[in-house]
Peer 1: 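Please see the structure below; I have some questions.
As the structure is a prediction and not an experimental result, all values here were calculated from the model.
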Amino acid sequence: RPGGQQSAGSGARTYKLAVIPKGTTHEFWKAVHAGAVKAGQELGVEIFWKGPQKEDDRAQQITVVEDFISRRVDGIVLAPLDDRALMRPVDEAMRDGIPVVIMDSNLQGDNYISFVATDNYQGGVLAARRLAEVLGGKGKIFLIRYLEGSASTTFREQGFLETITKDYPGIEFLVKDQYAGTTTESAYQLTENLLSRYPQVEGIFAPNESSTFGALRALQHYGLAGKVKLVGFDSSAKLIQALENNEIQGLVLQDPMKMGYLAVKVLLDHIQGRPVEKRIDTGVTVATPENMNQPEIRNLLEPDFARYVR
Amino acid sequence: MPEQSLLSLTGISKRFGPNLVLDSVDFDLRAGEVHALLGENGAGKSTLIKILSGAYKPDRGRMLISGAEYRPTGPLDGRRQGIAVIYQELNLAPHLTVEENIMLGQEESRLGLVNRNKNLEKIKKVLEFLCHPEISPGIPVRKLSVGARQVVEIARALASQARILVMDEPTSSLSQEDTRRLFEIIRKLRAEGVGIIYISHFLEEVLEIADRFTVLRDGKVAGRGLIQETSVEELIQLMIGRRISELFPRLPHQPGEVVLRCSGLRSVRMSRPVDLELRRGEILGVAGLVGAGRTEFLRALFGLDRLEEGLVMVAGQKFRPSHTAVSIECGLGMLSEDRQVEGLAVRMSLADNLTLSRLKPYLRAGFLNGRKQKAAASEWMDRVNIKARSPEQKLWTLSGGNQQKVALARLLHQEAEVFLLDEPTRGIDVMSKAQIYELMGRLAADNKAVIFVSSYLPELLGVADRIAVFHRGQLVEVRPAADWTEAGLMKAAITGRESDPVVSGERP
Amino acid sequence: MKITGSALKKIAGLAGPFVGLILVITIFSFMPEVSDRFLNLANIKSVATQSVIVALCALGMTLIIVSGGIDLSAASNLALSCVLVAYAINLGMPPLLAALVGVAAGGTVGLLNGFLITRLRLVPFIVTLGMMGIARGLAKWVAKNQKIDAPLSWLNELMVRSPRPSWLLVSPGIWLMILFSLVMAVLLRKTVFGRHALAIGSNELTARLCGVRTDRVKVAVYTISGLLCGLAGVMEFSRLTVGDPTVAMGLELDIIAAVVIGGGSLSGGEGSILGTLVGVFIMAFLRNGCTMMGWPNYFQEIIIGAIIIAAVTLDRLRHRQE
Amino acid sequence: MKITGSALKKIAGLAGPFVGLILVITIFSFMPEVSDRFLNLANIKSVATQSVIVALCALGMTLIIVSGGIDLSAASNLALSCVLVAYAINLGMPPLLAALVGVAAGGTVGLLNGFLITRLRLVPFIVTLGMMGIARGLAKWVAKNQKIDAPLSWLNELMVRSPRPSWLLVSPGIWLMILFSLVMAVLLRKTVFGRHALAIGSNELTARLCGVRTDRVKVAVYTISGLLCGLAGVMEFSRLTVGDPTVAMGLELDIIAAVVIGGGSLSGGEGSILGTLVGVFIMAFLRNGCTMMGWPNYFQEIIIGAIIIAAVTLDRLRHRQE
Ligand SMILES: Nc1ncnc2c1ncn2[C@@H]1O[C@H](COP(=O)(O)OP(=O)(O)OP(=O)(O)O)[C@@H](O)[C@H]1O
Ligand SMILES: Nc1ncnc2c1ncn2[C@@H]1O[C@H](COP(=O)(O)OP(=O)(O)OP(=O)(O)O)[C@@H](O)[C@H]1O
Ligand SMILES: [Mg+2]
Ligand SMILES: [Mg+2]
């Protein structure tokens, strides 16, 4: 293990760790980035932050992993875009003595150091309960999906779908298999077109930030914001504002900064020979207009990452 | 003639790569004269014109217009200085209408908005002047025949009301009728004091219209003088450095059995079906006015246009010309009249163009042998006298006449039984023309057959065994060449009525 | 067989360039599930609003394609402008000025495209492909890889469904689209500049020999198109209320498709503003209809693909009949 | 000024078509952070492996572009094939048969492209744009909007960085890429078919005049290209180990860019296999270098955009010198 040897030999060397998100332009990943940088600063390691050039492109993420193996970084934190496709590059890294910590989404097999993530299915379940609560247990709703084959959002959608079907027979899905695509604009158009068709809708769930925001914009556009209940995932300034205005009734929050921080920390622990846990849960919470001003929720809504990333 | 020269070029040189195309050429033009610029294919005439118009920059040399320094930065500049050019290769924007093409670069406008009425007025005048009021200004140019396109180009040059008018082979696609009208116009313009540079390979035209001449040979001035004091023979001597024995050389040949027969052939673009018979060892000339449908007939025969009805028989083999591949297999070969758009792939090399219709001989174990291909191309370059640096030269860098020779060489290389030649001598110099006539004679002597479409009656009369006349899409008359006169042909082409050969006068 | 063919041709001929559009609208109007909602005024308004952004870009793209070029950077340019508007507002600029910044940025990218194409004599495909990366990268850079939040202003009223002064009837964005369509149609057909652009697309050599300043015209063409993309970026900001650097990813193909469906030829010399608008609306109504039908996305993709081919086939049939 | 210009030209002339590639490699080789790692054998191998997929598609695209066409459906075609391989394996087919299914599917899409283009006389841009949606939609349909997991097999060994029988030196995918590059180069330059394709791209009317069966040749061109895309899909499956319907989204532009950077002309008649490979590697080394440097994506996008323009500019300079 070259990394291990060197660190044993010269304590002065700073470790170079690669952190590979699924994409770089969502608020969520910004917070993960901040967490990773924070850990980097506190623990004295250098962080390379690098996602696939096209958001959500599995093949390109494999390339990024390979390129970092070529670069021979000391360790990799990876949010795999696919639980299978990224297996081999991760195996290769491990074989080459580069330890890998998985975050956010799962990877099949267990050839990695540790898995640091939110329980996405549980997030979907919480969202379903919240939407059912604001609808009073009955109504007609949309499930807007994110992207074909995206694991974490698929879990959320599944958690949502199964909870509603199982626990809330009064709630009826008008739409449950339309995909919003990766951009806000595509989610916006989809929701608009759906609203055109089903003006009777009463609630919407969207499984990530871009689709939540797109749905919100469409509701605002139709003057339905606040009337149609919206439960989303993740946060951003506009979403928080909407939450304040009661245009959004619930946001399922993860703790991305904690995720980034823990992933780096666990990786470094491993490199330096400390034992680590195989599975680390970073927790989910629902922010509502009512509880959003509680400090711990505030902290999740607006993680203070300005200090770490510009 | 006035004394001061309108335009004077001194010491103009131009080099393309290693090729010195113009070698300190001097040329001058006075107001109110027609100055003929002559020379073999590739002598550098068009290049000189392009330098004058501002399309090319000379490597060396000076240009003066009315005594003032003239250093054009581009064609626009040339135009502003009063130079209008009719280029050799048709220069039209196919998607634009006749009106838009004629007025291109000289639109009547107010505040950037086109004043269409004013434009139309101007165009109407010019087209009437050219006696072609039937060309409608609103029709896209791509829908016009080659002849009509040439008229449009002339109209464009006339509309600009230039002081210097350059015509690079303006009559190559014109009927004799149109040529005569053009000459009337040229005379009128000359009387108005316009200086005209006239390039043509039709020497008798030159003798008729020009006042002075300058001959280029290999980029140098080989001679100049007054037209009145010269003769065709002397001009040819200056152009190629020696005399040629005969303008229309004939090789003895005897018509044999029928090799081509078409019955009731009609394509989607033809109005009436055509029946025709052709024998081995025969050259059939086809005359007609612009738009008479000669081209359409050849295209139908060769399978280029979709067929409505009819059958063709070549060398005993009956077939429906549904695709050129079939026709070629059956022994037909065709030279297109439109070499720029259809006839040649100008961005490919000479060798590729020459061998495209028959690649088989260059296959070795199924793979092409490029060296053999180039060797063959070199051989053909010698055989039909193509002036080019190498077989790998891209075709668009060849002079117009040399491009035409490549097209012809491809056809010969293809080894057809029946040759369909649509205006094969367009843009070809006198010397090479004679060679081409000889070639046709040789083909006939070799028991092949030739259909030879031409708007240049002397060559039809000089070369063909029989001549057919087309009139408004109909084949009106076929007769042995000896029974035709130029006037008789003209009359038949214009009226479509069978004419009495005895009535009219002189034969060339 | 023969009869149906000619009957089809006749129908196609009558309907003119609208045949594809009519086809699409008719199909959905007869779908029992949505027939009542599809041709409903509110829905048409919403489709029109969705079309504004693509339409603005496609107007410029028509000019470019007619002149024989192509612009792959249009969508990235839009994103850059969208981000810059938000950035400018956050700098404290008044909304109007911020919008102008966005439009100007679009124009600058266009100018740069035109400049590189004419000076370096590169093919437009390559220059604009390069610029596509550069503009997108700049957008992400300016936005620091995030969306830029900006306070709401009247700018965000441009794309609403029910416009504020209600006598406007439709959103200001739609009015802008109509206005610029007219301007561009006049520019293309009625001005010397438009004719020159067409001539360049039809035969550049001829245009040059006729004294058209081809380089200047081309630079102007790309700049105008850039300005329109910039305006589309402002509209996108108006719609999203944030400056999003990832917006309109891949939209360039939609824009080009709209022009080509509308009869534009990628080899230049052909294309019309009306045709392009029809192309834009064909795509917009298709998306809208498919979503309303609740068809799964893959089905939608297949249908849209098939209809693009069908629409152009009908258009060609119509032409052949002429 | 003059001197540097001509010196530059001389350098450009000497380096031949490789000039852009050499430039890119040189730049990164001098970056202190990665200089030791960049030109290291392992890294070159890994870049080569990453290039296989784009290269295979670009080989076919070269043939298409040389013949005057374009194929926007290449990337979707690849995705469809990738999904079908996984699907076929899950049906219990042996891996070889599954791979053949993938290749055949690619060929079918290509055949359909060629058929539509020649029969309906539509422009390739539109047909393949439509097919892009159709193929992508089909891929998602087959995969039921998810990725398809398939058991591992020897297929998944084709794209590993260190191949199993170690005497292979590089992965079988790289060997396939080399093999097909040679085949395609011979096909393009040394066969009647290739010459006919070139002639069609250069001037279709002339080709027809010379008895070239343009329609047949075109159908063959698109089919061959489709087969190569299918093969690329198999390689993608090998790399991903899953059938992913969203893979290679937008990759068509990369593929076309590689061909154009390598000297292909979108108006047909020009292009070479060697040039295309150079184009592919320019893009691959750029991505690799930027990632190794750890530059942020937006920076990478800007650089890649700029270098695409620069590489082609150098190539043009070289040509002008000739
Ligand atoms: N762009 C070019 N690049 C290289 N060579 C050229 C180019 N243009 C012309 N030439 C060469 O210059 C020579 C003169 O050509 P030019 O067209 O001036 O001849 P021309 O006298 O007009 O002949 P023609 O009677 O056949 O039209 C030819 O040998 C031609 O190959
Ligand atoms: N002046 C014109 N205006 C409009 N269309 C014309 C004109 N002249 C010819 N055409 C069109 O071209 C067709 C005839 O083709 P074309 O002129 O090629 O025949 P041609 O007998 O070969 O004449 P050419 O002497 O030009 O070779 C006609 O059917 C007509 O539609
Ligand atoms: Mg000439
Ligand atoms: Mg003719």
Peer 1: Which residues pass the ring-ring contact (aromatic ring centres under 6.0 Å, His included) test with D:F299, not counting sequence neighbours?
Peer 2: D:W295
Peer 1: Given the options D:G250, D:G305, D:A257, which has more heavy-atom pairs under 4.5 Å with chain C than any of the others?
Peer 2: D:G305
Peer 1: Side chain, backbone, both or neither: which part of C:E252 has an atom under 4.5 Å from a heavy atom of chain D?
Peer 2: side chain
Peer 1: Please find the pair of heavy atoms, one from C:G269 and one from C:L198, that lie closest to each other, and give the distance.
Peer 2: O-CD2, 3.2 Å
Peer 1: Just do the side chain to side chain contact (heavy atoms under 4.5 Å, CB included) check on C:F281 and C:V24 with the steps written out, would you?
Peer 2: CA-CA 10 Å; C:F281 281 105; C:V24 168; over 6 Å; no
Peer 1: Output, in order, the C-alpha distance, side-chain angles, deciding distance and verdict of side chain to side chain contact (heavy atoms under 4.5 Å, CB included) for D:F285 and D:S51.
Peer 2: CA-CA 9 Å; D:F285 272 112; D:S51 311; over 6 Å; no
Peer 1: Is a donor on one side and an acceptor on the other found under 3.5 Å between the side chain of D:S225 and the backbone of D:V221?
Peer 2: no
Peer 1: Need one label for C:I309: side chain, backbone, both or neither, based on atoms under 4.5 Å from any heavy atom in chain D.
Peer 2: both
Peer 1: Do D:T128 side-chain atoms and D:M131 backbone N/O form a donor-acceptor pair below 3.5 Å?
Peer 2: no
Peer 1: Look at C:N297, C:L253, C:V123 and state which one has the largest set of heavy-atom pairs under 4.5 Å with chain D.
Peer 2: C:L253
Peer 1: Is there a salt bridge (Lys or Arg N to Asp or Glu O under 4.0 Å) between C:R287 and C:E301 once you walk through the steps?
Peer 2: CA-CA 9 Å; C:R287 292 245 156 78; C:E301 279 181 82; over 6 Å; no
Peer 1: Could you tell me the separation between the CD1 atom of C:I126 and the CD1 atom of D:I256, rounded to the nearest 0.5 Å?
Peer 2: 10.0 Å
Peer 1: Donor-acceptor check, side chain of D:N77 to backbone of D:C229, threshold 3.5 angstrom: yes or no?
Peer 2: no
Peer 1: Restricting to side-chain hydrogen bond (donor to acceptor under 3.5 Å, both in side chains), what partner residues turn up for C:K147, sequence neighbours left out?
Peer 2: A:E209
Peer 1: Given a strict heavy-atom distance threshold of 4.5 Å, which part of D:I261 is in contact with chain C: side chain, backbone, both, or neither?
Peer 2: both
Peer 1: Pick from C:I307, C:L266, C:I304, C:I303: which one has the most heavy-atom pairs with chain D under 4.5 Å?
Peer 2: C:L266
Peer 1: Any residues in residues 132-140 of chain C near chain D, with a heavy-atom distance under 4.5 Å, and which are they?
Peer 2: C:M132, C:G133, C:I134, C:R136, C:G137, C:L138, C:K140
Peer 1: Within residues 64-72 of chain D, which residues come under 4.5 Å of chain C, heavy atom to heavy atom?
Peer 2: D:L72
Peer 1: Nearest 0.5 Å, what's the CG-CE distance between D:D254 and D:M283?
Peer 2: 4.0 Å
Peer 1: Where is the tightest heavy-atom contact between C:G271 and C:T62, given as atom of each residue plus distance?
Peer 2: C-CG2, 4.4 Å
